[in-house]
Amino acid sequence: MTLRALLLVATALFSIGIYGLLTRRQAVALLLSIEVMANAANLVFVVFARYGGAPGHPLVLFALAITVAEVAVGLALVLVLYRRHGDTLLELASEAKG
Amino acid sequence: MTAELGFGVFAFLLVGFPALRVVTSRDLVRTVLWLAVTLLGTAVLFALLHAPFLAGVQVLTYVGGVVTLMVFGVMVTHKHDGTTVAIDGANRVRGALAALAFFGVVAFAIVRTDLSSLTPVETPSTQDLAMALLDRYLIAFEVASVLLLAAIISAVVLARRRDPLPEGAEPADGARLQEGSVP
C-alpha cells in the first residue's frame with residue numbers, strides 16, 4: 001500500500017521545511033521554506049482525497065489561494081526591509097519586536 | 001512491501017531531494033529554482049493521485065506565479081556580487097534536531113496506525129469540483145476572493161510606503177528611489 005509511503009514523504013517534506021525555517025537567515029529563503037511546508041500539507045489533503053474519499057480537493061484550492069496571498073504580502077515586507085537596511089537578513093528586523 | 005518501499009524512494013527523490021536543496025543551497029537564485037523542482041514533483045504526485053486539475057493548477061499558480069514572483073523578489077533585493085550567507089552552525093544542529101524530532105513523532109504515529117480501512121476511491125472530477133466550489137463552498141470561495149483583494153492592496157501599500165529612516169541610520173542604496181518610481 002502506497003498510502004503509508006506517501007504520508008511518510010509528506011512528513012519528510014514538512015520536516016525539511018521546519019529545518020529551513022529554523023536555519024535560514026535570509027527573509028526570502030524563509031518564505032521558500034514556508035512554501036515547502038504548505039506544499040506538504042496540500043499533498044496530505046490530496047492523498048486522503050484518493051484514499052478514503054475525504055473532500056480534500058476544494059481545500060487544496062483554498063490553501064493555494066491563501067499561500068499565494070501570503071507570498072505577495074511576505075515579499076512586500078521583504079522589500080520594505082531591504083529599503084530600510086539595504087539587505088534582507090532577518091536579524092535586521094529585530095526592531096519589529098514589541 | 002517492496003513496491004511500497006520503491007514508491008516511497010521514488011516519491012522522496014521526486015520531492016524530498018529538491019526540498020533538501022531548497023533549505024541547504026547557499027545561493028538564493030538556486031534555492032528558488034530548486035523550489036520550482038519541488039513544486040513540479042508535487043504536481044506529478046497530484047497527477048498520480050488522480051487529481052489532474054489540481055496538478056495543472058499547481059503548475060500554473062505555483063511554478064508559473066509564485067516562483068516568478070520569488071525570482072523577482074530575489075532580483076530586486078540582492079546584489080549578486082557572488083557573496084553567500086553562512087548558516088550559523090549551532091542553529092543548524094538545533095534546527096536539524098527539531099526537524100528530526102517532528103519527523104520521528106509523526107512517522108511513529110503513521111507507522112503504528114492501522115490504515116488498512118482506507119482504500120483507493122474514485123476522486124471527484126473537475127466538474128464535481130466546480131460544482132462543489134460554487135455550491136457547497138460558495139461562502140468560502142467568496143471569502144477567498146476578498147482575502148486575495150486584501151493581500152493585493154496590502155502588498156501595494158507596503159511596497160510603495162516611504163518609512164522615515166530610524167535615528168542615525170544611513171539610507172541604503174535602494175532607498176534613494178522617489179515616491180512612485182519603479183525599484
Side-chain angles (χ1 to χ4, degrees), chain A residues 1-9 11-20 22-26 28-29 31-33 35-36 39 42-43 46-47 49-53 55 57-58 60-62 64-69 71-73 75-80 82-86 88-89 95, chain B residues 4 7-8 11-12 15-16 19-20 22-23 28 31 35 38-39 42 45-46 49-51 54 57 61 65-66 69 73-74 76-77 85 87 91-92 94-96 98-99 102-103 106-107 110 115 118 120-121 123-124 129 132-133 137 140 144 147-148 151 154-155 158-159 163 172-175:
Chain A
M1 189 164 65
T2 55
L3 169 60
R4 192 162 276 144
L6 277 165
L7 288 178
L8 285 174
V9 165
T11 312
L13 209 57
F14 199 88
S15 311
I16 291 168
I18 291 177
Y19 174 76
L22 292 174
T23 52
R24 301 310 293 254
R25 293 170 63 216
Q26 283 148 320
V28 178
L31 281 177
L32 297 175
S33 302
E35 287 301 303
V36 171
N39 212 40
N42 281 348
L43 184 57
V46 176
V47 166
R50 171 77 174 134
Y51 292 91
H57 289 187
V60 171
L61 281 179
F62 291 129
L64 275 174
I66 292 169
T67 318
V68 170
V71 167
V73 178
L75 274 179
L77 285 173
V78 171
L79 202 62
V80 171
Y82 179 73
R83 288 230 187 100
R84 288 182 77 120
H85 300 285
T88 57
L89 293 180
E95 73 203 48
Chain B
E4 187 181 6
F7 182 78
F12 186 79
V15 293
L20 271 178
V22 169
V23 295
L28 265 184
T31 304
L35 180 77
T38 311
L39 299 172
T42 315
L45 289 184
F46 284 1
L49 288 163
H50 295 230
L54 290 181
V57 169
T61 65
V66 171
L69 202 63
V74 172
V76 169
T77 58
V85 178
I87 300 173
N91 243 348
R92 215 173 197 178
R94 279 195 294 254
F102 176 83
F103 181 78
V106 179
I110 291 171
L115 297 167
L118 295 172
V121 296
T123 54
L129 190 57
L133 276 182
Y137 300 102
L147 174 83
L148 282 175
S154 57
L158 277 174
D163 283 325
D173 268 358

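Below, read A as the first sequence line, B as the second, and so on, with proteins coming before strands; counting in each chain starts at 1.
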Check whether any side-chain heavy atom of [X] sits under 4.5 Å from a side-chain heavy atom of [Y], and report yes or no.
| X | Y | result |
| --- | --- | --- |
| A:Arg4 | B:Leu115 | yes |
| B:Phe46 | A:Asn42 | yes |
| A:Leu61 | B:Leu129 | yes |

I need the [X] [atom1] to [Y] [atom2] distance, nearest 0.5 Å.
| X | Y | atom1 | atom2 | result |
| --- | --- | --- | --- | --- |
| A:Leu43 | B:Leu54 | CG | CG | 11.5 Å |
| B:Leu39 | A:Asn39 | CG | CG | 5.0 Å |
| B:Leu20 | A:Tyr19 | CG | OH | 9.0 Å |
| B:Phe103 | A:Leu8 | CZ | CG | 5.5 Å |
| B:Phe102 | A:Thr11 | CZ | OG1 | 6.5 Å |
| A:His57 | B:Thr123 | NE2 | OG1 | 5.5 Å |

Quick check: closest heavy atoms across [X] and [Y], and the distance to 0.1 Å?
| X | Y | answer |
| --- | --- | --- |
| B:Ala159 | A:Leu79 | CB-CD2, 3.9 Å |
| B:Ala132 | A:Pro58 | CB-CG, 4.5 Å |
| B:Val66 | A:Glu35 | CG1-OE1, 3.9 Å |
| B:Leu28 | A:Val28 | CD1-CB, 4.4 Å |
| B:Ala19 | A:Val36 | CB-CG1, 4.1 Å |
| A:Ala49 | B:Val121 | O-CG2, 3.8 Å |

Test your reading of the model: is there a side-chain donor-acceptor pair from A:Arg24 to the backbone of B:Val23, 3.5 Å cut-off?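 Answer holds: yes.
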Under a 4.5 Å heavy-atom cut-off, does chain B meet the side chain of [X], its backbone, both or neither?
| X | answer |
| --- | --- |
| A:Leu32 | both |
| A:Val9 | side chain |
| A:Ile16 | both |
| A:Leu75 | side chain |

Output the option from A:Val73, A:Thr67, A:Val46, A:Ile18 having the highest count of non-hydrogen pairs under 4.5 Å with chain B. A:Val46
Options A:Leu64, A:Leu31, A:Val78, A:Val60, ranked by heavy-atom pairs under 4.5 Å with chain B, top entry: A:Leu64
Is it the side chain or the backbone of [X] that comes within 4.5 Å of chain A heavy atoms, both, or neither?
| X | value |
| --- | --- |
| B:Ile110 | both |
| B:Leu35 | side chain |
| B:Ala144 | side chain |
| B:Leu133 | side chain |
| B:Leu69 | both |

Of all of B:Pro120, B:Gly73, B:Gly95, which one pairs up most often with chain A through heavy atoms under 4.5 Å apart?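 Between B:Pro120, B:Gly73, B:Gly95, the count favours B:Pro120.
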